[in-house]
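Below, chains carry the letters A, B, ... as their sequence lines are ordered, and counting in each starts from 1. Here the structure is a predicted model, which is why all the values come from computation and not from measurement.
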Number of protein chains: 2
Amino acid sequence: MPIPHHGQPRYRVIADELRKRIESGVIPPGALLPTESVLTAEFQASRGTIRQAIAVLREGGLATTEHGRGTYANVHLCNRNSDQRSDLETRQCEVSADTDLAALFGVEVGAALIECETVARRGKKVETVTRTYRLRPINH
Amino acid sequence: MPIPHHGQPRYRVIADELRKRIESGVIPPGALLPTESVLTAEFQASRGTIRQAIAVLREGGLATTEHGRGTYANVHLCNRNSDQRSDLETRQCEVSADTDLAALFGVEVGAALIECETVARRGKKVETVTRTYRLRPINH
DNA sequence: AGAAATTTGTCCGTATGTATC
DNA sequence: AGATACATACGGACAAATTTC
């Protein structure tokens with residue numbers, strides 16, 4: 001018997017709570033989050049719902065999950081720079097809209113956007129850097 | 001009775017197949033993908049698995065889903081030659097490299113870069129903003 | 001080295017809510 | 001208002017990677 005989700009969906013509420021814990025340092029950077037089964041017990045939600053919440057954290061770049069190990073809290077990349085980029089070709093994260101982007105998307109300055117960055121190299125030299133911005137989906 | 005998934009997971013195989021259809025034009029840009037229930041029938045997979053596959057497309061920027069409507073194939077902004085259709089506005093200008101870009105290109109902060117910005121709209125709504133950066137050609 | 005336990009990954013089925021047509 | 005289509009949530013089962021003993 002599915003529990004209704006009037007208003008804010010359950011998995012987002014849970015994701016929000018976890019996000020607060022990470023950002024406030026209750027779960028320090030690099031530390032493992034509670035396991036899915038522990039979270040299942042704490043939030044009285046099904047495992048699928050917990051996994052959905054964790055997926056939200058991953059998309060926001062707040063956590064990283066490893067098969068068989070667990071989910072780590074990430075170091076927060078303070079406002080858009082700080083070299084966290086290893087040798088990734090493309091990465092995705094959440095950024096704040098600058099005045100330019102805010103005007104285009106019709107949102108407020110500082111609103112959350114998804115940034116997908118692709119680095120194209122020829123040999124070792126960087127040819128182009130492409131950044132694609134889109135609104136953060138309200139659902140999904 | 002769950003179906004085993006030795007090797008490549010089912011949802012990725014399905015996502016790959018759909019990606020091919022979008023990139024090859026079998027599903028043209030802007031068109032609706034088959035509904036989840038149709039895909040469920042075609043691939044003989046559960047709806048959850050289909051949704052997982054579509055989520056992969058979304059993350060890759062190949063599709064956009066709207067509640068109650070369906071999932072659209074996105075226009076791909078790959079060809080930078082030859083004018084695209086007029087749903088895309090492009091402008092180009094010179095900008096200064098921020099610390100992030102400077103590190104990538106291996107130049108000093110503030111160095112000149114060419115920024116090409118493309119705004120993709122559907123109707124009046126801005127779908128994506130893409131910014132491509134490259135080094136300014138060494139004089140002429 | 002190997003077996004067991006732990007933890008995340010994949011997949012299925014079902015039921016109900018919510019937005020759009 | 002009804003039909004269609006996506007979103008959320010539950011539960012169960014087995015697979016795969018990691019850690020522990």
Side-chain angles (χ1 to χ4, degrees), chain A residues 1-18 22 27 30-60 62-74 114 134-140, chain B residues 1-18 22 27 30-59 62-74 122-125 127:
Chain A
M1 38 301 227
I3 293 177
H5 50 279
H6 305 302
Q8 188 84 337
R10 204 112 152 58
Y11 74 93
R12 283 202 178 273
V13 173
I14 295 171
D16 247 42
E17 171 58 28
L18 293 175
I22 293 173
I27 300 174
L32 281 171
L33 269 64
T35 67
E36 292 176 356
S37 68
V38 169
L39 293 174
T40 291
E42 174 180 350
F43 291 104
Q44 290 289 302
S46 75
R47 194 179 156 214
T49 301
I50 296 297
R51 284 176 61 75
Q52 234 174 324
I54 292 175
V56 171
L57 298 181
R58 272 197 302 268
E59 282 165 28
L62 280 92
T64 305
T65 301
E66 289 180 23
H67 191 168
R69 291 195 63 118
T71 299
Y72 295 92
N74 285 341
I114 301 294
R134 61 175 64 90
L135 288 173
R136 187 175 57 170
I138 300 172
N139 285 321
H140 311 316
Chain B
M1 40 290 216
I3 292 177
H5 51 277
H6 302 15
Q8 187 86 338
R10 206 110 150 57
Y11 75 93
R12 287 208 175 272
V13 174
I14 295 171
D16 245 43
E17 172 59 29
L18 293 175
I22 292 173
I27 300 174
L32 279 171
L33 269 65
T35 67
E36 293 176 355
S37 67
V38 169
L39 293 173
T40 291
E42 173 180 350
F43 291 104
Q44 290 289 300
S46 77
R47 195 167 156 229
T49 301
I50 297 296
R51 284 175 60 74
Q52 239 176 319
I54 293 176
V56 170
L57 299 181
R58 272 198 303 268
E59 281 165 29
L62 281 92
T64 304
T65 302
E66 289 181 22
H67 194 164
R69 296 193 63 122
T71 297
Y72 295 91
N74 286 340
R122 175 164 67 221
K124 288 184 177 178
K125 283 199 315 188
E127 285 266 296

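One can find a donor-acceptor pair under 3.5 Å joining the base of D:dA7 and the side-chain atoms of B:Arg47. With hydrogens and angles ignored, no donor-acceptor pair closer than 3.5 Å exists between the side chain of B:His67 and the base of D:dA7.
One finds no side-chain N or O of A:Ser37 lying less than 4.0 angstrom from the OP1 or OP2 phosphate oxygen of C:dT6. At the phosphate of D:dC6, neither OP1 nor OP2 sits under 4.0 Å from any side-chain N or O atom of B:Arg51.
Looking at heavy atoms from C-beta onward, B:Val56 lies in side-chain contact with B:Tyr11 at the 4.5 angstrom threshold. Residues B:Leu57 and B:Leu18 have side chains in contact (heavy-atom distance under 4.5 Å, counting atoms from C-beta outward).
Here the rule is side chain to side chain contact (heavy atoms under 4.5 Å, CB included) with A:Leu39, and of A:Thr49, A:Ile14, A:Ile54 only A:Ile54 fits it.
Between the OH atom of B:Tyr72 and the P atom of C:dT20 there is a distance of 11 Å, given to the nearest Å. In this structure, B:Arg58 atom CZ and D:dA7 atom C1' are separated by 10 Å, rounded to whole Å. Going from atom CD of B:Glu36 over to atom P of C:dG17 covers 18 Å, rounded to whole Å. Summarising the geometry, the separation between CG on B:Leu57 and C1' on D:dC6 is reported as 15 Å, rounded to the nearest angstrom. Look at CG on B:Leu32: it is 12 Å from C1' on C:dC21, rounded to the nearest Å. Nucleotide C:dG17 holds its P atom 17 Å from the OH atom of A:Tyr11, rounded to whole Å. A straight line from CD1 of A:Ile54 to P of D:dT8 spans 16 Å, rounded to a whole angstrom. D:dC14 atom C1' lies 15 Å from atom CZ of B:Arg10, rounded to whole Å.
Comparing D:dC6, C:dT10, C:dC21 by their closest approach to the side chain of B:Gln52 singles out C:dT10. Closest approach to the A:Thr49 side chain among C:dC21, D:dC10, C:dG9 is made by D:dC10 (side chain taken as heavy atoms from C-beta onward). The nucleotide whose nearest atom lies closest to any side-chain atom of B:Ala45 is, among D:dA7, C:dC12, C:dT8, C:dC12.
The salt bridge (charged side-chain N to carboxylate O under 4.0 Å, His left out) check on A:Glu42 picks up A:Arg21, with sequence neighbours excluded. Looking at residues two or more places apart in sequence or on another chain, you find a side chain to side chain donor-acceptor pair (under 3.5 Å) between A:Glu36 and A:Arg47, A:Arg51.
Side-chain contact annotation: A:Thr64 with A:Arg58, donor-acceptor N/O pair under 3.5 Å absent.
In the helix from C:dG2-D:dC21 to C:dC21-D:dG2, the rotation axis of the first five pairs and that of the last five pairs differ in direction by 10°, rounded to 10 degrees.
Note on A:Ser46: a base of the nucleic acid sits closer than 4.0 angstrom, heavy atoms only. The residue A:Gly48 sits apart from the nucleic acid: no heavy atom pair falls under 4.0 Å.
Scanning all heavy atoms of the two residues, the minimum distance from B:Ile27 to B:Ala73 falls at CG2-CB, 3.9 Å.
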